[in-house]
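Comments concern the structure below.
What's counted below: heavy atoms across the whole structure, side chains too, no hydrogens, waters or symmetry copies.
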Amino acid sequence: MAFKKLKYWFDTELAELLAQKISVHNPDFNSIAFVNAIDKGVVNLELKDRIALFADELHYAIKSDYQDTVALFLKILGPENEEETGMFTNYYWIMPIAKYVEKYGLENFDCSMEAIQEITKRNTGEYTIRPFIEKYQSRTLPVLLEWSKHQNNHVRRLSSEGVRPRLPWATKLQQFIDDPKPIVPILENLKDDTSKYVQKSVANCINDILKDNFQIGKALLDRWSKKPSKERKWIIKHALRNFVKQQNEWAMTLITTMNETTLPKHKK
């Protein structure tokens, strides 16, 4: 993927690529009408609006119900992303599919959860999952708790990234700004995760919590700092990066004390 501003990848060329992929499994798909609609519609649009346009035009062009359309999309996703990078380069073209699920899938919870899980193995479901959390918190959090134990690091990462109270470029999750305690079990499952990709997400989620609920975040990190693994040490340090810059006494003391603590060695 040659370098150019991300929004410009959502253009007529991408419409042609998606039309080609879809037509393999749906010969009745009107590729010409879809490509023309994108070609005319993307002019002067910014990134988010371009992605939304793609999702809307896919919705208009595919003459199937939601579940059949999702089944079609799952067929074209291709191999899973084996790396911790590339979601916005090699797999950028999946973003309109994620937006489709976000916009049109709220009334099909189980089907949408399956789609989000597959999408995030290649691109990301961190924005797509948030309307489901807002509308179905009691149904969505158990799914994310299970995903926090998933063998795929992208799925585990989504379980923490998706519940971030203040995820950049996304709508705030006000319920977790008000009370983040419901998402703590997810973070507990991930506190010793070996994937740096996941660790960074967990740290960023805790950083969000500290902004609005300092005492809850503090209690969590104080507890985690007892006999921490090397992975947990990294998460704690990254979560406290803003406090370290401010030379916050609690944060500096916690990191110093934690660095002096090591896990007991296992006997051979």
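- The closest donor-acceptor contact from the side chain of Thr128 to the backbone of Ala98 lies under 3.5 Å.
- Interatomic distance, NE2 of His154 versus CD of Glu84, reported as 6.5 Å (0.5 Å rounding).
- Within a 6.0 Å radius of NZ in Lys172, other residues, nucleotides and ligands contribute 12 heavy atoms or fewer.
- In terms of modelled atom types and a separation under 3.5 Å, the side chain of Thr140 and the main chain of Phe132 share a donor-acceptor contact.
- With a 6.0 Å radius and a threshold of 12 heavy atoms from other residues, nucleotides or ligands, Asp65 has its CG atom above the threshold.
- No donor-acceptor pair under 3.5 Å is formed between the side chain of Ser195 and the backbone N or O of Asn153.
- A distance of 11.5 Å separates OG1 of Thr171 from CD1 of Ile133, quoted to the nearest 0.5 Å.
- The distance from the CG atom of Asn123 to the CH2 atom of Trp93 is 9.5 Å, given to the nearest 0.5 Å.
- Side chain of Asn207 to main chain of Ala203: no donor-acceptor pair is present (N/O by atom type, distance under 3.5 Å, no hydrogens or angles).
- Judged by distance alone, the side chains of Asn26 and Lys75 never bring a donor and an acceptor atom under 3.5 Å apart.
- Here the side chain of Asn152 pairs a donor or acceptor atom with the backbone of Val155 at under 3.5 angstrom.
- Counting only N and O atoms by type, the side chains of Lys218 and Gln215 include no donor and acceptor under 3.5 Å apart.
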Practice item. Show the numbers, then the answer: is there a side chain to side chain contact (heavy atoms under 4.5 Å, CB included) between Cys205 and Val202? Key: CA-CA 5 Å; Cys205 190; Val202 174; 5.7 Å; no

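- No salt bridge links Asp193 with Lys200; every basic N to acidic carboxylate O contact stays at or beyond 4.0 Å.
- A ring-centre distance under 6.0 Å is not found for Tyr66 and Phe73.
- Side-chain N or O atoms of Lys48 include one that pairs as donor or acceptor with a backbone N or O of Trp169 at under 3.5 Å.
- Closest heavy-atom contact between Pro96 and Phe54: CB-CB, 3.5 Å.
- Legend: salt bridge (charged side-chain N to carboxylate O under 4.0 Å, His left out) pairs involving residues 86-109, not counting sequence neighbours, sorted by first then second residue: Asp56-Lys103, Lys99-Glu102, Glu107-Lys135.
- Salt bridge absent: Glu57 and Lys40 never bring a charged side-chain N and a carboxylate O closer than 4.0 Å.
- Remark: side-chain polar atoms of Lys226 are not paired, donor with acceptor, to backbone N or O of Arg223 under 3.5 angstrom.
- A donor-acceptor pair under 3.5 Å links the side-chain atoms of Arg156 to the main chain of His150, judged by distance alone.
- Atom CD of Glu134 is surrounded by more than 12 heavy atoms from other residues, nucleotides or ligands within 6.0 Å.
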Check your understanding: Hey, mind stepping through Ile183 and Ile209 against side chain to side chain contact (heavy atoms under 4.5 Å, CB included) and telling me if it holds?
Key -> CA-CA 10 Å; Ile183 66 177; Ile209 292 172; 4.1 Å; yes

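- Here the side chain of Ser201 pairs a donor or acceptor atom with the backbone of Glu161 at under 3.5 angstrom.
- The ring of Tyr92 has its center closer than 6.0 angstrom to the ring center of Phe10.
- Looking at Asp178 and Gln174, their side chains do bring a donor and an acceptor atom within 3.5 Å of each other.
- Between Arg164 and Asp208 a salt bridge is recorded (basic side-chain N to carboxylate O distance below 4.0 Å).
- Looking at Glu126 and Arg130, no side-chain N of the basic residue comes within less than 4.0 Å of a carboxylate O on the acidic one, giving no salt bridge.
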**Study point:** side chain to side chain contact (heavy atoms under 4.5 Å, CB included) between Arg166 and Asp212, worked out
**Key:** CA-CA 10 Å; Arg166 294 181 176 273; Asp212 301 295; 2.8 Å; yes

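- A continuous path of hydrophobic side-chain contacts links Met95 to Leu17 [ILVMFWY only; heavy atoms under 4.5 Å].
- To the nearest 0.5 Å, the span separating CG on Leu221 from CD1 on Ile216 amounts to 12.0 Å.
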Practice item. Mind running side chain to side chain contact (heavy atoms under 4.5 Å, CB included) on Leu14 and Trp9 for me, showing each step along the way? Key: CA-CA 7 Å; Leu14 175 56; Trp9 287 96; 5.8 Å; no

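- Note on residues 18-35: no pairs pass salt bridge (charged side-chain N to carboxylate O under 4.0 Å, His left out), not counting sequence neighbours.
- In terms of modelled atom types and a separation under 3.5 Å, the side chain of Asp39 and the main chain of Val35 share no donor-acceptor contact.
- Between the NZ atom of Lys121 and the CG atom of Leu158 there is a distance of 11.5 Å, given to the nearest 0.5 Å.
- Considering NZ of Lys237 and CG of Leu254, their distance stands at 10.5 Å, rounded to 0.5 Å.
- For Tyr8, the OH atom counts as loosely surrounded, since its 6.0 Å shell holds 12 or fewer non-hydrogen atoms of other residues, nucleotides or ligands.
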